[in-house]
2 protein chains.
Amino acid sequence: MSVTSQHKLAENRPFDREAQYNAKRRAVIRSAAAAFRRRGYHNASMTEIAKSLGLTKAALYYYVKSKEEILFEAHIMVYDKMDELVKAVRGQGDTGLEKLQLLYGEFAHMLTRDGLALLTDIDSLNGENQETVLKRRGKIERAVTRLVEKGMADDSIKKADAKVTVFFLMGALNWLNVWYEAGGRISGDDIAQQFVAQMSVGVANPT
Amino acid sequence: MSVTSQHKLAENRPFDREAQYNAKRRAVIRSAAAAFRRRGYHNASMTEIAKSLGLTKAALYYYVKSKEEILFEAHIMVYDKMDELVKAVRGQGDTGLEKLQLLYGEFAHMLTRDGLALLTDIDSLNGENQETVLKRRGKIERAVTRLVEKGMADDSIKKADAKVTVFFLMGALNWLNVWYEAGGRISGDDIAQQFVAQMSVGVANPT
DNA sequence: AATAAATTTGACTCAAGAGTCAAATTTATA
DNA sequence: TATAAATTTGACTCTTGAGTCAAATTTATT
């Protein structure tokens with residue numbers, strides 16, 4: 001009996017609780033990130049974020065250490081997802097162009113889904129966090145740049161300054177969050193598809 | 001004599017003074033706009049903006065009514081310039097594509113020159129100002145959309161959803177301000193040129 | 001039901017930064 | 001040099017919003 005309860009205490013409950021806690025914490029970050037995207041980091045107050053979750057500001061601090069921590073994690077959440085996508089398409093596609101098409105499509109798709117958004121407010125992060133986020137962004141940009149360069153090497157992509165090309169493409173993605181409202185006239189899938197098409201012809205070598 | 005001095009008072013001096021005042025006011029707005037772009041609207045304090053002009057915060061309020069007024073006018077300044085550019089290319093170019101190339105090049109060029117930057121913080125404007133800015137942005141987007149549609153009609157531009165195409169192109173421009181630092185590896189002219197090229201092939205009908 | 005842990009809250013403190021204003025300073029004019 | 005207008009400032013006030021904390025409430029366990 002006492003052994004059983006010990007067991008429960010040590011295995012079942014803690015897991016449950018921890019999972020609960022983590023889920024709620026993620027919910028806080030997601031919800032806040034959406035508010036940041038809609039209204040901007042500084043215009044979205046903690047009180048407001050709390051209210052939209054049916055909580056009080058004080059309760060938020062049970063899950064996070066500071067507002068900045070939320071911003072940081074919101075950034076990281078997106079870059080984690082993007083890293084995943086980079087990994088996911090790694091084996092696929094043949095030419096550089098094909099690989100780029102797959103990845104770009106995944107990116108566009110991600111951004112038109114569930115609240116995931118590239119945030120631009122990096123200046124509101126303190127030195128260390130800011131550096132980390134910039135590093136992560138750089139990592140993604142480099143992954144894309146590699147595909148572009150591979151495409152230039154195998155002649156599937158037109159030769160040009162790879163960096164500018166990548167910025168051009170990433171710019172379009174970032175801007176997506178500004179104008180795209182889920183449930184609008186155009187579906188996320190359509191946009192992703194059209195972005196890929198647009199990107200492709202803009203970049204591909206005429207065959 | 002008294003007439004002469006009256007005259008001077010009424011004609012010469014005031015003009016000088018007014019011009020001086022206006023020039024300084026514009027300088028305040030430009031300098032602040034640059035700070036907003038670099039550090040974000042809320043991270044750039046009035047004190048900081050004043051200091052970079054060799055002034056005191058209080059002095060700023062001799063030229064502007066509020067921080068928000070600065071943000072508003074900074075936005076308007078850019079849209080005025082863009083309207084000018086739209087007008088400037090109106091007569092030129094033959095096909096829709098050619099017109100679009102000219103305009104897009106001018107836009108890119110403007111953004112890589114003297115501190116003019118598309119600001120994204122629109123949520124920090126109060127209702128009326130915000131509405132005005134959104135209207136101005138809409139006006140520009142519509143002007144670009146018209147060119148795209150003209151191009152689709154005369155077959156110089158590939159048929160697709162014009163709106164998405166325009167957002168794609170404007171996104172790349174907006175993102176420019178995030179990564180482009182004047183005096184970097186690539187000159188503004190080169191970027192403008194490459195953006196036009198990128199845009200063109202992305203959009204043009206294969207001939 | 002008693003107890004302990006987890007969660008939430010009301011009522012605070014504190015700092016930062018926008019905005020004000022009377023007084024000081026500078027500039028131009030006669 | 002005297003004077004008046006334009007410009008700038010130091011020293012404020014006021015608001016907003018982040019963050020804290022002891023106490024209240026809820027949830028799970030025996």
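Computed from a predicted model, the values in this text were never measured in an experiment. Every chain is numbered from 1 and lettered A, B, ... according to where its sequence line falls, protein lines coming before strand lines. Quick note: numbers below take in every heavy atom, side chains included, and nothing from hydrogens, waters or symmetry partners.
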Check: Mind checking what makes ring-ring contact (aromatic ring centres under 6.0 Å, His included) contact with B/Tyr62, not counting sequence neighbours?
Finding: B/Tyr21
Next item on the list: Under a 3.5 Å limit for both distances, which nucleotide forms a Watson-Crick or G-U wobble pair with D/dT16, could you say?
Entry: C/dA15
Result block: side-chain N/O donor-acceptor pairs under 3.5 angstrom for residues 72-81 of chain A, not counting sequence neighbours:
{"from": "A/Glu73", "atom 1": "OE1", "to": "A/Arg25", "atom 2": "NH2", "distance (Å)": "2.8"}
{"from": "A/Glu73", "atom 1": "OE2", "to": "A/Arg25", "atom 2": "NH2", "distance (Å)": "2.4"}
{"from": "A/His75", "atom 1": "ND1", "to": "A/Leu71", "atom 2": "O", "distance (Å)": "3.3"}
{"from": "A/His75", "atom 1": "NE2", "to": "A/Leu119", "atom 2": "O", "distance (Å)": "3.3"}
{"from": "A/Asp80", "atom 1": "OD1", "to": "A/Arg136", "atom 2": "NH1", "distance (Å)": "3.2"}
{"from": "A/Asp80", "atom 1": "OD1", "to": "A/Arg136", "atom 2": "NH2", "distance (Å)": "2.8"}

Checklist line | A/Thr145: partners by side chain to side chain donor-acceptor pair (under 3.5 Å), with sequence neighbours left out | finding: none
Notebook entry, point to check: Using purine N1 to pyrimidine N3 plus N6-O4 or O6-N4 for Watson-Crick, or N1-O2 and O6-N3 for G-U wobble, both under 3.5 Å, which nucleotide pairs with C/dA6?
Noted result: D/dT25
Next item on the list: Any chance you could list the contact pattern along nucleotides 7-21 of chain D? Use B for base contacts, S for sugar-phosphate-only contacts and - for none, protein heavy atoms under 4.0 Å, 5' to 3'.
Entry: BBBB-------BBBB
Note to self: Can you pull out every salt bridge (Lys or Arg N to Asp or Glu O under 4.0 Å) where at least one residue sits in residues 41-61 of chain B? Sequence neighbours excluded, please.
What the structure shows: B/Arg39-B/Glu48
Item checked: Any residue meeting salt bridge (charged side-chain N to carboxylate O under 4.0 Å, His left out) with A/Asp189, in chain and number order, not counting sequence neighbours -> none
